[in-house]
A.B. asks: 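Let me give you the structure first, and then I'll get to my questions.
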Amino acid sequence: MLEEKYAPHAIEEKWQKYWEENKSYKVEMDENKPKSYVLEMFPYPSGNLHMGHVRNYSIGDVLSRFRTMKGFNVLHPMGWDSFGMPAENAAIKHGVAPKNWTLENIANMTRQLKALGLAYDWDREVATCKEDYYKWTQWFFELFYKKGLAVKKKSAVNWCNKCNTVLANEQVIDGKCWRCDSVVEKKDLEQWFFKITDYADELLKDLDLLEGWPERVKTMQRNWIGRSEGLEMTFAIPELNDEVAVYTTRPDTSYGVTFMALAAEHPLIEKICENNPKAAEIKAFCDRVRNQSDIERTSSESEKEGIFTGVHCINPYTGKTVEIWVTNYVLYDYGTGAVMGVPTGDQRDWMFADKYGIDKIVVVQPKGVNLKLEEMTCAYEEKEGELVNSGEFDGMEMHEAMAAIMDKAEAEGFGKRRVNYRLRDWLISRQRYWGAPIPVIYCPTCGEVLVPEEELPVRLPEDVKFDAGAKSPLATSEAFLNCTCPKCGGPATRETDTMDTFLCSSWYYLRYTDPKNDKLPFAKEINGYWGPVDQYIGGIEHAILHLLYSRFFLKVLRDAGLVDYAEPFSNLLTQGMVIKDGAKMSKSLGNVVSPEEILEKYGADTARLFILFAAPPERELDWSDQGVEGSFRFLNRVWRIIYTYLPQIEQKVTEYDVTALNEADKELRRILHNTIKKVTSDIETRFNFNTAISSLMELVNALYAYKENAQEINAGLVYEATSALVRMLAPFVPHMTEELWKDAFGAAASVHAEQWPEYDEAALKVDNVEIVLQVNGKVRGRLVVPAEATAAELEKIALADANVQSHIGGATVRKVICVPGRLVNIVAK
RNA sequence: GCCGAAGUGGCGGAAUUGGCAGACGCACUUGACUCAAAAUCAAGCGGGUUUACGCUCGUGCCGGUUCGAGUCCGGCCUUCGGCACCA
């Protein structure tokens, strides 16, 4: 028996318990059904869910439930990205073990997730900090190692003093640590890298395959990878009996080189300084530059500075000798760390030449114009022009010249075409405790040795000091540190760094497909059924980080034969932020709304409905307490209309004569089938849940109007309309619809296992339509005409209209445009 | 500087293929119900003008294409996001 009033809390608690006990959302492989893998980015267990999570998971839940009703076998899992610094900070601050802190947070957030009524298969839950997961993370490290994609190398790396660890390039935002915002320093350290640059080209190229990804995410990845084509060539240094290589994307300006610029880190500098009277001065300059922070060094505003080394090199094209300078504006880790200086072709070189009185030579100028140096105030950087002062290439169009000049370098052997990337290798070691230990052992006789596969996982020790200073916390555990070499059996030590948590999260979606496998990270066959992820949903902040690493990871796994597809996420939806009063919710602004307080006041269904209704998913969502109130009001309205129609619904009239309907019946039936059509396409093809919900509101309004207007209530039609309404609302408000389905409709099965309603094209037809009458494009009247009226009939009716006639006045009718079912436009002059 | 996205009532937003701008909701106003309030139900709700039918202006700005432009084209402005001393 249906309660008269909507009481969300009792209902929600009841159905959550029921779904859990009956494992309602457990899924298995089923070759007879089409599959759909719907995935939301798993959370870091910080302790509490925030509104961003609620939005993310509500979107995923609607899709998951909708696709299930549409007949798909839907995989919809949840887990925890549970390694990371906050657990360690809690350990330092409060003395709790990171593991306990993390597990407690997971328990609390699991409770909060369950209170939202999300349709997850909880049997597939994973947590990256658990041994049965990080064992496989280590296994992947070894796979990468064996393929030569995990290497230890010394280089200048980003160091965060506050987090006491190195960072990957992707984790440095505007020269600051992505997590704690402190300015990042450079340190020369030996660290583990994953060679993502080996896949740069494919990572770039395959973006074109990702039609279901937002353009801006693809653009961000393209920018980050930063591919450029150019020429690498060598300039001889007779004084040192050596040479220096440069990389340029503007080989057409090669005849305009008037100096050579080296980065302060360039290895040639050491040789230059031998027996050099200016050695001390040069070294002092290099030290000063290298001690600047990245922010200072890479700001385009900072003054270009340099020092002449006293040494010269020879331009292979012209045979001319130019001075070698050390500068503060050439980057060592891009290209070759040396740049040919062409003041007339590059504004930085221009400013540098101005400051130090270096020559300039015009080599590219606009077609038909003679550029004069004395009239120039800046470099000519346009993308078109023709060559001058360039020997045999004079007069050539610059793009033609580029090719011809590179051909010459290759023919004569002093240069080669080359592709360059901005992307750097992924630095994956961290000097932190709460992560997966890198499974490597260092043996004085055998060197670097992998921990044998059967000994994985390398377990995290618990007898460590967390604030070990510059040392990795793992190095403070003697029991962990000291071991025997797997090869020779002699005494050895373990690697004490752990892996970047982004590595753990690069493959979690694969584990969900086969989460209990203890022989492999996942079985290829099972993963082949579920993968790739059909719809991925998460925040834009991972546009580069997680989404680039995961793509890289999967490509390596594909090359290792573990999967047969090349991209992990076929479709991506990046949800917008939840804001309030025009700003991101934050403690310091005091505009945080906690999910728990909303759930307590209104229940999960209202919270979900509001969040999906207030804005389309990709846009920012402006939190409004009054809007939440409105959503709650709507659910009460739904409840009341079902309650009102209960006598008809209980008759269970599932068939009725569609040819014997009166006007009010036809109108309701038309609105119903229109709503089914619109809601279906809004969810399926556009993810516009806000407009889907607004259509459902219109249907509810129509059910109220029908109650007022119909002389006699058609029980069959009402049954059809209300049952479709409840099923269409089910993905959005799962608890309330489940209650209505069971108690009002007396169903035995869950509404979430029901079929999604289908619309009847015939029901959309109308007998009469209102058409708009225009004169010269302006609306001058409206008329109701039979829907099948022809253009000729429309024209006749339109011209007969009094208001239309008065606007035509004395003018001559030149043309009449008829769009049947919409409008008539009379052109008169 | 390069690349990308977006500018529509008091507010969140709708208009999917060039065809009635403002769906749906919030806020507000009014009416019904009530002793009263809340809740609910019903009606109104871009600006100007008109007793009214209506007329007129209106989707960041300027221009264009078209019978017809929020939507297409050209040129700007503003905001947000990414990349950037990358040679």
Side-chain angles (χ1 to χ4, degrees), chain A residues 173 214-228 230 246-250 253 261 263 297-304 327-331 333-342 345-349 351-352 381 420-423 540-541 543-544 610 613-616 618-631 633-634 636-637 640 678 681-682 685-686 688 690-698 700-701 704-705 707-708 770-782 802-803 806-807 814-817 819 821-829:
Chain A
I173 314 288
E215 207 45 57
R216 66 173 172 155
V217 174
K218 289 191 276 187
T219 305
M220 282 160 75
Q221 292 210 354
R222 282 190 194 106
N223 284 343
W224 187 261
I225 295 167
R227 184 180 196 272
S228 74
V246 296
Y247 171 76
T248 179
T249 54
R250 291 293 308 277
T253 64
R297 254 189 99 167
T298 58
S299 156
S300 48
E301 264 100 77
S302 70
E303 173 113 22
K304 274 132 203 68
T327 69
N328 67 341
Y329 73 94
V330 173
L331 304 174
D333 59 356
Y334 182 79
T336 62
V339 172
M340 62 183 206
V342 186
D346 185 292
Q347 188 55 29
R348 294 158 300 180
D349 295 348
M351 292 190 287
F352 191 78
E381 291 181 312
N420 237 313
Y421 299 94
R422 218 193 63 93
L423 181 72
I540 186 77
E541 67 274 17
I544 294 170
F610 167 73
F613 177 62
E618 305 232 46
R619 265 204 250 179
E620 270 185 352
L621 185 150
D622 202 356
W623 186 269
S624 148
D625 291 331
Q626 285 164 330
V628 181
E629 196 73 48
S631 292
R633 206 145 52 205
F634 170 68
N636 278 286
R637 214 167 133 77
R640 272 196 307 275
K678 175 139 176 67
S681 79
D682 277 354
T685 62
R686 302 203 309 161
N688 277 15
N690 56 330
T691 52
I693 293 166
S694 72
S695 296
L696 291 166
M697 288 171 168
E698 285 178 272
V700 171
N701 291 346
Y704 273 86
K707 179 171 64 93
E708 295 297 312
E770 188 186 69
I771 60 156
V772 168
L773 308 179
Q774 295 184 335
V775 178
N776 293 329
K778 297 206 162 159
V779 182
R780 296 303 176 191
R782 288 152 218 277
N803 200 31
S806 81
H807 278 93
R814 295 279 167 91
K815 208 177 186 184
V816 179
I817 285 137
V819 184
R822 285 194 188 272
L823 58 80
V824 179
N825 187 17
I826 293 156
V827 187
K829 283 225 167 93

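So that the names make sense, note that chain A is the first sequence line, chain B the second, and so on, each numbered from 1. Because the structure is a prediction, the values reported are computed rather than measured.
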A.B. asks: So, is A:Arg640 close to the B:C41 phosphate, meaning a side-chain N or O under 4.0 Å from OP1 or OP2?
C.D. replies: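 Checking B:C41 against A:Arg640, a side-chain N or O does come within under 4.0 Å of OP1 or OP2.
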
A.B. asks: With a non-hydrogen cut-off below 4.0 angstrom, is A:Glu620 in contact with a base, only sugar-phosphate, or nothing?
C.D. replies: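 The answer is sugar-phosphate, as A:Glu620 gets under 4.0 Å only of primed atoms, P, OP1 or OP2.
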
A.B. asks: Rounding to an integer number of angstrom, what distance separates B:G12 and B:G7 when you compare their C1' atoms?
C.D. replies: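 After rounding to an integer number of Å, I get 15 Å for this pair.
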
A.B. asks: Looking only at heavy atoms, which two atoms of A:Arg637 and A:Tyr704 are closest? And how far apart?
C.D. replies: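 Shortest heavy-atom contact: O-OH, 2.9 Å.
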
A.B. asks: Set out, line by line, the N/O atom pairs under 3.5 Å between protein and nucleotides 63-70 of chain B.
C.D. replies:
unit_1	atom_1	unit_2	atom_2	d
B:C67	OP1	A:Lys815	NZ	3.2
B:C67	O2'	A:Asn825	ND2	3.3
B:C67	O2	A:Asn825	ND2	2.5

A.B. asks: Taking the minimum atom-to-atom distance to the side chain of A:Ile544, which one of B:G4, B:G82, B:U16 wins?
C.D. replies: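 Comparing B:G4, B:G82, B:U16 against the side chain of A:Ile544, the answer is B:G82.
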
A.B. asks: Heavy atoms only, 4.0 Å cut-off, all strands: where does A:Arg348 land among base, sugar-phosphate and nothing?
C.D. replies: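 Answer is base: heavy atoms of A:Arg348 come under 4.0 Å of a base.
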
A.B. asks: Which whole number of Å gives the distance between the P atom of B:C45 and that of B:C24?
C.D. replies: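 To the nearest whole Å, 12 Å.
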
A.B. asks: What integer number of Å spans the C1' atoms of B:G47 and B:G22?
C.D. replies: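 Going atom to atom, C1' in each nucleotide, I get 13 Å.
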
A.B. asks: Could you tell me whether the phosphate oxygens of B:A87, OP1 or OP2, come under 4.0 Å of any side-chain nitrogen or oxygen in A:Tyr334?
C.D. replies: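 Yes.
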
A.B. asks: By the 4.0 Å heavy-atom rule, please label A:Pro616 as base, sugar-phosphate, or nothing.
C.D. replies: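 A:Pro616: backbone/sugar contact only, no base atoms under 4.0 Å.
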
A.B. asks: Could you spell out the base pairing of RNA chain B in dot-bracket, with Watson-Crick or G-U pairs whose two distances are under 3.5 Å, [ ] crossing and | to another strand?
C.D. replies: (((((((..(((......[....))).(((((.......))))).((((....))))..(((((..]....))))))))))))....

A.B. asks: Go through the steps for A:Thr691 and A:Asp682 under the test side chain to side chain donor-acceptor pair (under 3.5 Å), then give the verdict.
C.D. replies: CA-CA 7 Å; A:Thr691 52; A:Asp682 277 354; 2.8 Å; yes

A.B. asks: Please test A:Ser228 against A:Tyr421 for side chain to side chain donor-acceptor pair (under 3.5 Å), starting from the C-alpha separation and ending with a verdict.
C.D. replies: CA-CA 6 Å; A:Ser228 74; A:Tyr421 299 94; over 6 Å; no

A.B. asks: Does the cation-pi check pass for A:Arg422 over A:Tyr334, that is, NZ or CZ under 6.0 Å from the six-membered ring centre and within 45° of its axis?
C.D. replies: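 Because its charged atom misses either the 6.0 Å distance or the 45° angle limit, A:Arg422 does not stack over A:Tyr334.
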
A.B. asks: Would you classify A:Val342 as touching base, sugar-phosphate or nothing, given that sugar-phosphate means primed atoms plus P, OP1 and OP2, and contacts are heavy atoms under 4.0 Å?
C.D. replies: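 Result for A:Val342 = nothing.
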
A.B. asks: Just compare B:U16, B:A87, B:C86 and give me whichever is closest to any side-chain atom of A:Arg422.
C.D. replies: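 The answer is B:C86, which lies nearest to the side chain.
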
A.B. asks: Starting the side chain at C-beta, find the nucleotide from B:A87, B:C55, B:A14 nearest to A:Arg780.
C.D. replies: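 Nearest to the side chain of A:Arg780 among the choices is B:C55.
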
A.B. asks: Rounded to whole angstrom units, what separation is found between the OH atom of A:Tyr421 and the C1' atom of B:C83?
C.D. replies: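 Taking atom C1' of B:C83 as the reference, OH of A:Tyr421 is at 17 Å.
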
A.B. asks: What does A:Asn803 touch in the nucleic acid at a heavy-atom separation under 4.0 angstrom: a base, only the sugar-phosphate, or nothing?
C.D. replies: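 Since only primed, P, OP1 and OP2 atoms lie under 4.0 Å of A:Asn803, the category is sugar-phosphate.
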
A.B. asks: Between A:Glu770 and A:Arg822, is a salt bridge (charged side-chain N to carboxylate O under 4.0 Å, His left out) present by the stated rule, with each step listed?
C.D. replies: CA-CA 7 Å; A:Glu770 188 186 69; A:Arg822 285 194 188 272; over 6 Å; no

A.B. asks: Could you check A:Ala614 against A:Asn688 and say which one's nearest nucleotide on RNA chain B is further toward the 5' end?
C.D. replies: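 Its nearest nucleotide being more 5', the pick is A:Ala614.
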
A.B. asks: For the pair made of CG in A:Asp333 and C1' in B:C86, what is the distance, rounded to whole Å?
C.D. replies: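 Rounded to the whole Å, the gap is 9 Å.
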
A.B. asks: Output the rounded distance in Å from NZ (A:Lys707) to C1' (B:U40).
C.D. replies: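 So the NZ-C1' distance, A:Lys707 to B:U40, works out to 10 Å.
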
A.B. asks: Rounding to an integer number of angstrom, what distance separates B:A27 and B:G75 when you compare their P atoms?
C.D. replies: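 My reading of the P atoms in B:A27 and B:G75 gives 45 Å.
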
A.B. asks: For nucleotides B:C53 and B:C67, find the distance between their P atoms and express it as a whole number of Å.
C.D. replies: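 Nearest-Å result for B:C53 against B:C67 at atom P: 33 Å.
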
A.B. asks: Is the base of B:U56 touched by the side chain of A:Lys778 through a donor-acceptor pair closer than 3.5 angstrom?
C.D. replies: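 No.
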
A.B. asks: Using the P atom on both, measure B:G4 against B:C11 and round to a whole Å.
C.D. replies: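 Each nucleotide's P atom is 30 Å from the other's.
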
A.B. asks: Between atom CZ in A:Arg227 and atom C1' in B:C2, what is the gap in whole Å?
C.D. replies: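 Result: 18 Å.
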
A.B. asks: Under 4.0 Å between a side-chain N/O of A:Arg222 and OP1 or OP2 of B:G4, yes or no?
C.D. replies: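 No.
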
A.B. asks: Can you tell me how far P of B:A87 sits from CG of A:Asn420, to the nearest Å?
C.D. replies: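 That distance rounds to 8 Å.
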
A.B. asks: Can you tell me the distance, in whole Å, between the CG atom of A:Leu423 and the P atom of B:C83?
C.D. replies: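 Computing the A:Leu423:CG to B:C83:P distance gives 13 Å.
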
A.B. asks: RNA chain B: A:Glu215 or A:Thr685, which has the more 5' nearest nucleotide?
C.D. replies: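 Result of the comparison: A:Glu215.
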
A.B. asks: Can you check the distance between B:G48 and B:A42, where both ends of the measurement are the C1' atom (answer in whole Å)?
C.D. replies: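 Approximately 30 Å lies between the C1' atom of B:G48 and that of B:A42.
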
A.B. asks: So, is B:G64 syn or anti if syn means the angle is within 90° of 0?
C.D. replies: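 For B:G64, whose glycosidic angle is more than 90° from 0, the conformation is anti.
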
A.B. asks: Quickly work out the A:His807 NE2 to B:G54 C1' distance and round it to whole Å.
C.D. replies: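 Between C1' of B:G54 and NE2 of A:His807: 8 Å.
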
A.B. asks: For A:Tyr329 and A:Ala261, work out which heavy atoms get closest and say how close.
C.D. replies: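 In this case the closest contact between A:Tyr329 and A:Ala261 is OH-CB, 4.5 Å.
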
A.B. asks: In whole Å, measure the gap between the P atoms of B:A6 and B:G25 for me.
C.D. replies: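 It works out to 27 Å between them.
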
A.B. asks: For A:Glu381, which contact category applies under a 4.0 Å heavy-atom criterion: base, sugar-phosphate, or nothing?
C.D. replies: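 No contact at all - A:Glu381 keeps every heavy atom at 4.0 Å or more from the nucleic acid.
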
A.B. asks: Indicate yes or no: does A:Arg216 engage A:Glu618 in a salt bridge with an N to O separation below 4.0 Å.
C.D. replies: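 No, this pair does not count.
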
A.B. asks: Taking only N/O atoms, report every protein-nucleotides 22-28 of chain B pair under 3.5 Å with atom names and distance.
C.D. replies:
unit_1	atom_1	unit_2	atom_2	d
B:A23	O2'	A:Glu698	OE2	3.3
B:G25	OP1	A:Asn701	ND2	3.4
B:C26	OP1	A:Arg633	NE	3.2
B:C26	OP1	A:Arg633	NH2	2.7
B:A27	OP2	A:Arg633	NH2	3.1

A.B. asks: Quick check on B:C41: is either OP1 or OP2 less than 4.0 Å from any side-chain nitrogen or oxygen of A:Tyr704?
C.D. replies: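 The answer is yes; a side-chain N or O of A:Tyr704 sits under 4.0 Å from OP1 or OP2.
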
A.B. asks: Report the distance from atom CG of A:Asn636 to atom P of B:A38, rounded to the nearest whole Å.
C.D. replies: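 The distance from CG of A:Asn636 to P of B:A38 comes to 17 Å, rounded to the nearest Å.
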
